[in-house]
Protein chains: 2
Amino acid sequence: MLQVVSARRELPILGQAQPERSDAARNRQKIIEATTRLIAEHGTEQLSLDEVARAAGVGVGTVYRRFGDRSGLLLALIDEHERRFQEAFLSGPPPLGPGAADRDRLRAFLHALVDRIRGQEGLFLMLEKGVRYSGPYQVHHTHVATLVAGVRPGCDAHFLADGLLAPLNANLICRRGYSIERIKSGIDQLVDLL
Amino acid sequence: MLQVVSARRELPILGQAQPERSDAARNRQKIIEATTRLIAEHGTEQLSLDEVARAAGVGVGTVYRRFGDRSGLLLALIDEHERRFQEAFLSGPPPLGPGAADRDRLRAFLHALVDRIRGQEGLFLMLEKGVRYSGPYQVHHTHVATLVAGVRPGCDAHFLADGLLAPLNANLICRRGYSIERIKSGIDQLVDLL
DNA sequence: TTTGTAAACGGAGACCCCTCCGGTTATCGT
DNA sequence: ACGATAACCGGAGGGGTCTCCGTTTACAAA
């Protein structure tokens with residue numbers, strides 16, 4: 001059985017032997033609260049960590065020591081909801097949790113993940129600064145959608161085209177550790193399903 | 001038939017009536033060349049636009065007027081290869097170009113896209129600054145891979161899990177204009193294929 | 001050639017992320 | 001209670017992105 005995993009555990013280089021010192025924990029809390037407040041007031045778009053530090057009444061260095069970087073702070077905010085979410089699909093009631101058929105659990109999980117992302121939309125968008133859906137992507141998308149419609153008439157070719165193109169990003173291809181052969185054969189499996 | 005599309009066309013707010021002034025075109029070229037040179041020398045990782053401007057012998061304002069922002073400059077570098085790529089799959093020989101069966105063209109296109117991304121790996125990685133594959137993602141991935149293996153034994157469940165999770169990103173869900181119902185029903189179509 | 005003007009130029013500077021390090025403090029063994 | 005010490009604190013500062021706006025320049029019309 002998988003364990004619920006908190007993003008926070010990742011910060012210390014090699015697992016924390018000692019618990020946090022009391023002033024550190026206090027400051028962590030102050031920073032989280034200040035961030036939540038600032039986002040509520042000014043939106044996620046323009047969130048400056050300098051400002052967070054000022055609002056929390058700590059130095060900017062403290063923010064970075066506690067959370068590593070901007071993403072770390074955002075992940076910490078995401079983390080609280082994440083914990084509940086993980087409990088739901090790891091040990092909650094079916095169809096999300098154990099008990100239902102694999103296919104139903106899979107469907108339920110993916111649906112729940114969509115809702116979860118919508119629930120913290122602003123935070124997730126900040127984490128994905130990347131530039132997709134612009135320029136060449138449009139052409140690729142139209143091309144793939146046309147072919148998908150040819151292969152499998154009646155399906156939602158537009159959405160499936162996005163679905164097929166989504167795994168083809170540099171992070172997955174270059175940084176996830178798959179060999180090129182494996183990626184291409186995985187793609188073939190996907191195409192064969194159609 | 002689709003037209004080859006260049007990223008550059010997007011910069012002017014509403015299509016360029018006039019062609020670029022000669023000094024502007026000259027500077028665009030100098031900037032592209034300087035960028036290429038700097039990347040060749042110091043890698044894509046640490047590319048500063050201030051430095052680009054200095055190396056090109058123009059002011060930093062010029063860089064931003066020509067390319068909008070950092071991503072715009074990177075897209076411009078990507079664009080030259082992109083044009084050849086688009087010609088290949090829009091009008092080149094089969095199986096990439098027209099003439100082969102849709103399924104084969106689709107497979108060929110996706111394979112070619114993988115190679116293309118590998119070919120300009122550094123540039124594509126810079127465009128996707130986002131933080132995936134960290135924290136909660138690992139848990140989601142393991143969960144989905146387990147379910148996929150249950151639904152379809154013998155497939156590459158690890159890769160397919162990444163493939164299923166890839167479309168579930170905030171940009172696609174929140175910015176692409178799909179309704180939630182459509183996204184979920186599209187996901188159902190994907191799951192049903194398994 | 002001259003001249004008007006829209007476009008382009010460039011760099012100072014606002015703002016941001018993150019690091020570094022000298023000073024401070026919580027915690028623990030005595 | 002009291003050092004010893006490891007962890008924490010804060011903010012100055014380096015380096016980056018991008019904007020703003022006074023100045024310059026290419027181009028076309030006269």
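All values reported here derive from a predicted model rather than from experimental measurement. Below, chain A is the first sequence line, B the second, and so on; all start at residue 1.
- Heavy atoms of A:Gly57 sit under 4.0 angstrom from primed sugar atoms or phosphate atoms, though from no base atom.
- Distances from the side chain of A:Ala24 to the nucleotides C:dA8, D:dC8, C:dG10 place D:dC8 closest.
- At whole-Å resolution of the value, CG in A:Leu73 and C1' in C:dC16 are 15 Å apart.
- A close approach under 4.0 Å does occur between a side-chain nitrogen or oxygen of A:Arg66 and OP1 or OP2 of D:dC9.
- When each of A:His111, A:Glu121, A:Glu82 is checked for a side-chain hydrogen bond (donor to acceptor under 3.5 Å, both in side chains) with A:Arg116, only A:Glu82 meets the rule.
- When the side-chain nitrogen and oxygen atoms of B:Thr62 are compared with OP1 and OP2 of C:dG10, one or more of them lie within a distance under 4.0 Å.
- Taking 4.0 angstrom as the limit, B:Arg65 places none of its side-chain polar atoms (N or O) nearer than this to OP1 or OP2 of C:dA7.
- The phosphate of C:dC17 (OP1 or OP2) has a side-chain N or O of A:Ser48 nearer than 4.0 angstrom.
- Atom CD in B:Gln46 sits about 16 Å away from atom C1' in C:dC17, given to the nearest Å.
- In this structure, B:Asp50 does not pair ionically with B:Arg54, as no charged nitrogen and carboxylate oxygen lie closer than 4.0 Å.
- Summarising the geometry, the separation between CG on B:Asp50 and P on C:dG13 is reported as 15 Å, rounded to the nearest angstrom.
- When the nearest nucleotides of DNA chain D are assigned to B:Asp23 and B:Leu49 by heavy-atom distance, the more 5′-ward of the two goes with B:Leu49.
- More than 12 heavy atoms of other residues, nucleotides or ligands shown are found within 6.0 angstrom of CD on A:Glu41.
- Comparing B:Val60 and B:Arg21 by the nucleotide of DNA chain C whose heavy atom lies nearest to each, the residue mapping closer to the 5' end is B:Arg21.
- Rounding to whole angstrom units, CD of residue B:Glu45 and P of D:dG15 are separated by 18 Å.
- In terms of modelled atom types and a separation under 3.5 Å, the side chain of A:Asn27 and the main chain of A:Thr62 share no donor-acceptor contact.
- Taking atom CD1 on B:Ile31 and atom P on C:dA8, their separation rounds to 12 Å, with Å as the unit.
- When the side-chain nitrogen and oxygen atoms of B:Ser22 are compared with OP1 and OP2 of D:dA26, none of them lie within a distance under 4.0 Å.
- A:Tyr64 places its OH atom 17 Å from the C1' atom of C:dC21, with the value rounded to the nearest Å.
- Residue B:Arg28 contributes atom CZ, which lies 10 Å from atom P of C:dA8 at whole-angstrom precision.
- Both B:Ser71 and A:Asn27 lie near DNA chain D, and the one whose nearest nucleotide falls closer to the 5' end is A:Asn27.
- What separates NZ of A:Lys129 from P of C:dC17 is a distance of 10 Å, to the nearest Å.
- When the ring pair (Phe, Tyr, Trp, His ring centres under 6.0 Å) test is applied to B:Phe124, no partner is found at least two apart in sequence or on another chain.
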